[in-house]
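Accompanying notes for the structure given below.
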Amino acid sequence: KKITEEQDVWLLVNYLRTLAPQGNKDETTKPKQTEEEKKSNAENKAKNDKEKTVTENKAKEITKQDSLVAIEKPHIEQVLEKYEKALNSSDTLAILALYTDDGIFMPLQAVTAIGKDQIKASYKKLFKTSRFNIKFSDEEIELVGNLAFVRTMSKEENTVLVSKQKALEENKGLFIL
């Protein structure tokens, strides 16, 4: 049995005292508590019990979240791989298939595109000027309800088509799936 309460300690001390050679038994008896000490101990125990419950609940939630992420991670990675492949092959239609009707694309150097029509136009414009060789890695996945928030890092080689100039970049991204 794990000893966590002062009362348990004193029970153990008194039990051990019965096993020891006879001596002064008064040395190990629990000192009398004042009413104030009893009240304070009761309040501390209630506070500790509440904190323990909160901690246990958080641990259960983390375990549940980790389990859900483990189950969903392969599906999330498949979506990222499809997006990566579509970017690398300048395939606007494949990219559109990954967006919802009200999806949002927020490129760094262009206007935010909302909805599939704007997203299609934005990617077409992007692919007319650049080619990509990109690799994503997921850094963090958080599931909330039926949404997955995926924080990514990417390493990419971008080629500007007009000048044939290549640029190496590392970027951070946030995908909501």
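For clarity, every value in this text was computed on a predicted model and none was experimentally measured. Residue indices begin at 1 and follow the sequence shown.
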| query | Linking I/L/V/M/F/W/Y whenever any side-chain heavy atoms sit under 4.5 Å apart, do M153 and L174 land together? | reply | no
| said: Working to the nearest 0.5 angstrom, can you tell me the gap between K82 NZ and L98 CG? | reply: 7.0 Å
| query | Of all residues at least two apart in sequence or in a different chain, which pass the side-chain hydrogen bond (donor to acceptor under 3.5 Å, both in side chains) check with D101? | reply | none
| query | Residues in salt bridge (charged side-chain N to carboxylate O under 4.0 Å, His left out) with E77, at least two apart? | reply | K73
| At what distance, to the nearest 0.5 angstrom, does CG of D138 lie from CG of L80? | 6.5 Å
| query | For L168, which residues count as a side chain to side chain contact (heavy atoms under 4.5 Å, CB included) partner, sequence neighbours excluded? | reply | E157
| remark: Residue set satisfying side-chain hydrogen bond (donor to acceptor under 3.5 Å, both in side chains) with S90, at least two apart, ordered chain then number -> R131
| With sequence neighbours excluded, residues passing side chain to side chain contact (heavy atoms under 4.5 Å, CB included) with S122 | F105, P107, A113
| request: Not counting sequence neighbours, which residues clear side-chain hydrogen bond (donor to acceptor under 3.5 Å, both in side chains) with T100? List them please. | output: D102
| request: Calculate, to the nearest 0.5 Å, the distance between atoms NZ and CG belonging to K120 and L93 respectively. | output: 6.0 Å
| query | Distance from T92 atom OG1 to K128 atom NZ, nearest 0.5 Å? | reply | 10.0 Å
| message | Take a 6.0 Å sphere around NZ of K116 and say whether it holds more than 12 heavy atoms from other residues, nucleotides or ligands. | response | yes
| request: List for me each residue that meets side chain to side chain contact (heavy atoms under 4.5 Å, CB included) alongside K85, sequence neighbours excluded, and say none if there are none. | output: none
| field | Pairs touching residues 168-177 that satisfy salt bridge (Lys or Arg N to Asp or Glu O under 4.0 Å), sequence neighbours left out | value | K155-E170
| Counting distance only, does the side-chain N/O of T129 pair as donor-acceptor with the main-chain N or O of L126 below 3.5 Å? | yes
| said: Suppose the criterion is ring-ring contact (aromatic ring centres under 6.0 Å, His included): which pairs have a residue in residues 141-167, not counting sequence neighbours? | reply: none
| remark: Rounded to the nearest 0.5 Å, the CG atom of L177 sits from the CG atom of N146 at a distance of 11.0 Å
| query | Which residues satisfy the side-chain hydrogen bond (donor to acceptor under 3.5 Å, both in side chains) test with E140, sequence neighbours excluded? | reply | R151
| request: Please name all residues satisfying side chain to side chain contact (heavy atoms under 4.5 Å, CB included) with I134, sequence neighbours left out, ordered by chain then number. | output: E84, L87, N88, F136, S154, E156
| note | What one should report as the nearest heavy-atom pair of I119 and G103 is CD1-O, 3.4 Å
| Transitive ILVMFWY cluster of I114, excluding itself - 4.5 Å side-chain cut-off | I104, M106
| query | Just wondering, more than 12 heavy atoms not from N133 lying within 6.0 Å of its CG? | reply | yes
| said: Quick check: is F127 connected to L161 through a chain of hydrophobic side chains (ILVMFWY, heavy atoms under 4.5 Å apart)? | reply: no
